[in-house]
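Below is one structure; the comments refer to it alone.
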Amino acid sequence: DGMPGIALTDHGNMFGIKELFNYVKKKNKELDADKQFKPILGCEMYVAKNSLHDRGDKSDNGYHLIVLAKNNQGYHNLVKLVSQSWTEGYYFKPRTDREALARHKDGLIVCSACLGGEIPQFILNGDIEEAEKRMLWYKEIFGEDYYIELQRHRTFKQNANTETYEEQVRVNDILIPLAHKHNIKLIASNDVHFVNEEDAEAHDRLICISMGKRFGDPTRIHYTKQEWLKSITEMNEIFADIPEALENTNEILNKVEVYSIDHAPIMPNYEIPADFGTEEEYRSRITEKELFDEFTQDENGNVVLSQEDAEKKIKTLGGYDKLYRIKFEADYLKKLTLDGAKKRYGDPLPDDVAERLNFELHIMKTMGFPGYFLIVQDFINVARDQLGVSVGPGRGSAAGSAAAYCLGITQIDPIKYDLLFERFLNPDRISLPDIDVDFDDDGRYTVLKYVTDKYGEEKVAHIITYGTMATKMAIKDVAKVLELPLPESNRLAKLVPDRMPEVDGKTPKINFKNCLKYIKEFASETENPNPIVREVMKYAEQLEGNVRNTGVHACGVIIGRDDITDWVPVSIATDTDGSKILVTQYE
């Protein structure tokens, strides 16, 4: 539609932010410089009535508040707020409070939100005086970055909520003069829960699925069916009488800076024994010139980079300040590797082994990864030697590393079997090492506890997973809310094959589109004489692929240098033993 940007503000979470950022980043590469699209990263937060730590009021679901990141600092403050709302404020919903908002206000733009917002709620309850007080509090904290939000969801659609618009009119009649009185800018917005106007009916059924309600239940929630991504023309028509509110939405867009949420790996610092030395001692003893030569020459001291490329490499590694740490870790890694090599290959080392290890350790150091290997060898060796955990011998490309073999990370001799190190680490293809580690099912929790205790629970988090509605699940879910008899629901689901028939030597993916194309019996159900069956087929196809739930990755864990919430938002999940665990909101 030619819009220059879009905000993503999911309720209480930032699950979709990284996906949006990645998508826009990819698309912007295809666009001219003057047509770059701007993602506005945000969250529709729940603000507790009093403190986010209060647990006494079961009706306190939190007032809605739109919080947008204006810049990189704002993004990190938003991450902190959203994480805290889960780790400390969760009570039916992930909640923040005004104290937390004030503490993390820098770089944030705040909008008063929909009817669920704090000011609209006081207006609806007839307390205009308190609504004005709250409005002034937000203005005092956020200044020119606080906006009053107006919505108009007038609807004539069947089975839609008409009361919302009436309440919006009542609230807007108070909001507009109050905003003018206190010189607070107005913005026009529209709740967006689906993309196209015709998606409203599928969304209506999705809400029934998520809330476990039947479509015909008179007590279920009804939306206005106006919650599509309205075009510029549509919004201009709806708010034609308040042009300032339309202009101010663009003001917010222009305030938002272009910044990246991507960053280099944030490695935790492995604790090196004091008797080996200290980083401070390295800084006092080694010159920047010596570091420059060591990190830009090959393992034999030959100059292999131009001055320009060498300086670029130093910068990529984090500059000289970071190089001292990498050098310190690399030297300790070398000591551990050579100690292990003598046990594996004997003392003195055969020439070919010494040459191979010298090469590998140089690559690990100059790619900036010695800390990674120190951490991995530590928890593998502790698991095997101290915790009594069964550890696999290693698989994948890591088996090509002689250093990994000497460190005890793998149990396969790559020199004996002529395995290639370059498949594992290659300076021409810079990416983090990938070491697959197998622990026995019970033992992995023991290892995880060791890692958590060693690095701090705030620095360790599990990785989220998103469960989507597959073809069979979409059919069963829609059939349930539309009250199609269970035998019919099962019959429809069974028409989806466990494996698609081969087409031109290839096996198509199992999805609605392919089932309709290649499974005649399945396709015929779209013309079933039973209208409920036809409806199930129609809406199941539309809802296929939607995120149905979140879960926890079976074995993926992040270990960071800092508090995880300095970098990514987290939520809370229940582990298999009933304990609460940190889970990143980005997969």
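Keep in mind that this is a model prediction, so the values were computed, not measured.
Ion pairing of Glu166 with Arg170 is absent here, as no side-chain N (NZ or NE/NH1/NH2) approaches a carboxylate O to less than 4.0 Å. Under a 4.0 Å N-O distance rule, the pair Lys49/Asp97 does not qualify as a salt bridge. Looking at Glu247 and Lys185, no side-chain N of the basic residue comes within less than 4.0 Å of a carboxylate O on the acidic one, giving no salt bridge. Look at Asp563 and Lys80 and you find a salt bridge, because one of the NZ, NE, NH1 or NH2 atoms lies within 4.0 Å of a carboxylate O, short of that distance. Comment: Lys225 engages Glu201 in a salt bridge, judged by a side-chain N to carboxylate O separation of less than 4.0 angstrom. Checked for salt-bridge contact, Asp241 and Arg152 meet the test: a charged N lies under 4.0 Å from a carboxylate O. Of the charged side-chain nitrogens involved, at least one lies within less than 4.0 Å of a carboxylate oxygen, so that Glu118 and Arg98 count as a salt-bridged pair. Between Asp204 and Arg220 there is a salt bridge, since a side-chain N of the basic residue sits under 4.0 Å from a carboxylate O of the acidic one.
Thr96 places none of its side-chain heavy atoms less than 4.5 Å from the side chain of His104. A heavy-atom distance below 4.5 Å is found between the side chains of Ile17 and Ile261. The shortest distance between side-chain heavy atoms of Ile564 and Ile558 falls below 4.5 Å. No side-chain heavy atom of Val110 sits under 4.5 Å from any side-chain heavy atom of Ile141. A heavy-atom distance below 4.5 Å is not found between the side chains of His153 and Cys114. Glu99 has its side chain out of reach of Ser51: every pair of non-hydrogen atoms, C-beta onward, lies at least 4.5 Å apart. With a 4.5 Å cut-off on side-chain heavy atoms, Ile184 and Phe142 do not count as touching. Between Gln84 and Thr565, the closest side-chain pair of non-hydrogen atoms is not below 4.5 Å.
Of the possible polar contacts, none joining the Trp86 side chain to the Leu582 backbone as a donor-acceptor pair under 3.5 Å is found. In this structure, Asn254 contributes its side chain and Asn250 its backbone to a donor-acceptor pair below 3.5 Å. For Arg55 (side chain) and His53 (main-chain N/O), a donor-acceptor pair under 3.5 Å exists by modelled atom type. Judged by distance alone, the side chain of Lys93 and the main-chain N or O of Gly12 form no donor-acceptor pair under 3.5 Å. Counting only distance, with no hydrogens or angles, the side chain of Tyr466 and the backbone of Phe15 share a donor-acceptor pair below 3.5 Å.
In this structure, Glu30 places its CD atom where more than 12 heavy-atom neighbours from other residues, nucleotides or ligands lie under 6.0 Å away. Counting heavy-atom neighbours within 6.0 Å of Ile221 CD1, excluding the residue itself, gives a total of 12 or less. The neighbour count for Lys513 NZ, taken as heavy atoms of other residues, nucleotides or ligands under 6.0 Å away, does not exceed 12. Environment of CG in Asp441: sparse, with no more than 12 heavy atoms of neighbouring residues, nucleotides or ligands closer than 6.0 Å. In Lys157, the NZ atom is crowded: over 12 heavy atoms of neighbouring residues, nucleotides or ligands sit closer than 6.0 Å. The environment of Met3 atom CE is dense: over 12 non-hydrogen atoms of other residues, nucleotides or ligands sit within 6.0 angstrom. A 6.0 Å sphere centred on CZ of Arg534 holds more than 12 heavy atoms belonging to other residues, nucleotides or ligands. Residue Glu251 qualifies as enclosed at atom CD: its count of foreign heavy atoms under 6.0 Å is above 12.
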Assess whether side-chain contact (heavy atoms from CB on, under 4.5 Å) is satisfied between Tyr223 and Asp191, documenting all intermediate values.
CA-CA 10 Å; Tyr223 279 69; Asp191 267 344; over 6 Å; no
How far apart are the C-alpha atoms of Lys105 and Glu140, what are their side-chain angles, what is the distance that settles it, and do they pass the salt bridge (Lys or Arg N to Asp or Glu O under 4.0 Å) test?
CA-CA 11 Å; Lys105 67 179 181 178; Glu140 182 185 349; over 6 Å; no
Show, in sequence, the C-alpha distance, side-chain angles and deciding distance for Glu149 and Ser112, and conclude whether the side chain to side chain donor-acceptor pair (under 3.5 Å) test is met.
CA-CA 5 Å; Glu149 196 168 335; Ser112 61; 5.0 Å; no
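Ring pair Tyr63/Phe122 is tilted by interplanar angle, where 30° to 60° counts as tilted. By the 30° and 60° cut-offs, the orientation of the rings of His11 relative to His193 is perpendicular.
Remark: the Glu587 side chain and the His553 side chain contain no N/O donor-acceptor pair separated by less than 3.5 Å. Lys26 and Asn22 share no donor-acceptor pair across their side chains, judged by distance under 3.5 Å alone. Using a 3.5 Å distance cut-off with no hydrogens or angles, the side chains of Ser571 and Gln585 do not pair a donor with an acceptor. Side-chain contact annotation: Gln151 with Ser189, donor-acceptor N/O pair under 3.5 Å present.
Trp137 does not carry Lys139 over the face of its six-membered ring by the limits of under 6.0 Å from the centre and within 45° of the normal.
Tested against Thr224 for a side chain to side chain donor-acceptor pair (under 3.5 Å), the candidates Glu227, Gln226, His222 yield a single pass: Glu227.
Close placement of the Trp567 and His76 rings is indicated, their centers lying within 6.0 Å of each other.
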